[in-house]
Each structure stands twice: as structure tokens, then as C-alpha cells.
Amino acid sequence: MRFLSRRLVMPNDLNFAGSLFGGRILEWIDEEAYIFASCQLGAKSLVTKHIGAITFETSAFQGDVVEFGLQVKSAGRTSLNITCVVRNKHTKQNICTADDIVFVHIDPETRQPTPHGKTKEELDEFNFDS
């Protein structure tokens with residue numbers, strides 16, 4: 001798994017208890033996973049179809065730097081399934097894991113699913129080389 005980007009936890013990212021708000025981290029996961037999927041497929045016409053199996057393991061607090069690890073779990077004809085791990089950059093403790101994020105490649109005009117033309121093997125090779 002490659003950790004590709006980082007964010008600083010700011011005051012407006014906190015919940016009433018002073019830790020990173022779960023909704024904010026889910027927003028970040030969706031955005032980071034979209035960027036990753038878009039780069040892997042070389043396409044920007046993707047929509048989030050499903051996010052499942054989210055596990056919160058520890059908290060993050062103001063001033064923490066969190067990083068996002070992403071990898072392709074599987075590739076379908078029109079879809080891409082991604083795993084995302086969010087961890088504290090300094091302690092390396094996992095904060096959250098989203099193990100089932102599915103994006104669907106769509107035709108930008110018809111908005112219908114369309115084949116993306118990549119296999120998991122091609123994506124793994126690309127991810128290894130990049």
C-alpha cells in the first residue's frame with residue numbers, strides 16, 4: 001500500500017469532543033480515493049457507487065498529520081474497488097480503514113457505465129512502477 005497524500009487536522013475538522021470528526025474523515029476518504037482511482041484509470045468520469053466496511057480504530061486531534069494509503073482491491077469491467085487506510089503520519093497508528101470503495105467509470109455524456117479498459121494486473125503494475 002502506498003501512502004500518497006497528507007492532511008493537517010485543523011480546528012474546523014474537530015467534533016464536540018475535540019477529535020477528528022468522522023464525517024470529515026469520510027469526506028477526505030471519498031476525495032482521496034476518487035483522485036487515486038482517476039489517476040489509476042487515466043479518466044475523470046468516475047462516480048462513487050459504494051463505500052462500505054469502515055472501521056475507526058483510533059482518534060486524530062488538532063495538529064495531527066494524517067496520511068492516506070490506497071490500493072486497488074479489484075477491477076471490474078466498469079468498476080474499480082479500492083481500499084483506503086488513514087493513519088497518523090508520526091505514530092503510524094491506523095485511524096480508519098475503508099475496505100470497500102467502489103467507483104464506476106461512466107460516459108460523461110450519457111452518464112451510463114462504460115468499460116475503463118484496465119485489468120487489476122495492469123493497475124498493480126502501474127502502481128508499482130509509478
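The analysis underlying the following values was restricted to heavy atoms, covering all of them including side chains, and did not include hydrogens, waters or symmetry mates. Quick note: residue numbers are just sequence positions, from 1.
Cation-pi check for R87 over F3 is met; the charged atom lies under 6.0 angstrom from the ring centroid and within 45 degrees of its normal.
By the neighbour-count criterion of 12 heavy atoms within 6.0 Å, atom NZ of K49 is sparsely surrounded, having that number or fewer from other residues, nucleotides or ligands.
Judged purely by atom type and a 3.5 angstrom limit, N94 has no side-chain atom pairing as donor or acceptor with the backbone of C96. Remark: side-chain polar atoms of T48 are not paired, donor with acceptor, to backbone N or O of H50 under 3.5 angstrom. Of the possible polar contacts, one joining the S38 side chain to the A43 backbone as a donor-acceptor pair under 3.5 Å is found. Remark: side-chain polar atoms of D13 are paired, donor with acceptor, to backbone N or O of M10 under 3.5 angstrom. Side-chain atoms of H116 come within 3.5 Å of backbone atoms of S79 as a donor-acceptor pair (strictly under, hydrogens ignored). Using modelled atom types, one side-chain atom of Y34 and one backbone atom of K44 make a donor-acceptor pair closer than 3.5 Å. When atom types are taken as modelled, the side chain of E122 and the backbone of T119 share a donor-acceptor pair closer than 3.5 angstrom.
A 4.5 Å side-chain heavy-atom check between N88 and V66 finds every atom pair outside the cut-off. Counting heavy atoms from C-beta outward, H90 and V65 have side chains that approach closer than 4.5 Å. Residues L46 and V104 have side chains not in contact (no heavy-atom distance under 4.5 Å, counting atoms from C-beta outward). I106 has its side chain out of reach of Q112: every pair of non-hydrogen atoms, C-beta onward, lies at least 4.5 Å apart. Taking 4.5 Å as the limit, some side-chain heavy atom of F36 sits within range of a side-chain heavy atom of I82. With a 4.5 Å cut-off on side-chain heavy atoms, V47 and R111 count as touching. Considering only heavy atoms from C-beta on, V72 comes within 4.5 Å of K120 through its side chain.
Under the 4.5 Å side-chain heavy-atom criterion for Ile, Leu, Val, Met, Phe, Trp and Tyr, I54 and F21 are members of distinct hydrophobic clusters. Cluster membership for V85 and V102, using ILVMFWY side-chain heavy atoms within less than 4.5 angstrom, is not shared. Hydrophobic clustering (side-chain heavy atoms under 4.5 Å, transitive across Ile, Leu, Val, Met, Phe, Trp, Tyr) groups I35 together with F103. Transitive grouping of hydrophobic side chains (ILVMFWY, heavy atoms separated by less than 4.5 Å) brings I51 and I29 into a common cluster. One hydrophobic cluster, built from ILVMFWY side chains closer than 4.5 Å, holds both L20 and F56.
In terms of heavy-atom proximity, T78 sits nearest to P115 at CG2-N, 3.6 Å. Of all non-hydrogen atoms in F61 and L14, the two that sit nearest each other are C-CD2, 4.4 Å. Residue G63 comes nearest to L8 through the heavy atom pair O-CD1, 3.5 Å, listed as atom of the first residue, atom of the second, then distance. Residues A17 and N15 come closest through the heavy atom pair N-OD1, 2.8 Å. Summarising the geometry of A33 relative to L70, their closest heavy-atom pair is CA-CD2, 3.8 Å, with the distance given to 0.1 Å.
Atom CD of E31 and atom SG of C84 lie 11.5 Å apart (nearest 0.5 Å). Between the CD atom in E121 and the CG atom in L123 there is a gap of 9.0 Å [rounded to 0.5 Å]. The CD1 atom of I95 lies 6.5 Å from the CG atom of D64; values are rounded to the nearest 0.5 Å. With rounding to the nearest 0.5 Å, the separation of OG in S45 from CD in E109 is 9.5 Å. With rounding to the nearest 0.5 angstrom, the CH2 atom of W28 is 14.0 Å from the CZ atom of R6.
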Could you go step by step and tell me if D99 and T83 meet the side-chain hydrogen bond (donor to acceptor under 3.5 Å, both in side chains) rule?
CA-CA 4 Å; D99 194 36; T83 297; 3.0 Å; yes
Worked check of side-chain hydrogen bond (donor to acceptor under 3.5 Å, both in side chains) between E57 and T97:
CA-CA 8 Å; E57 300 175 39; T97 301; 3.2 Å; yes
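With respect to E67 and R7, no salt bridge is recorded, no charged nitrogen being found less than 4.0 Å from a carboxylate O.
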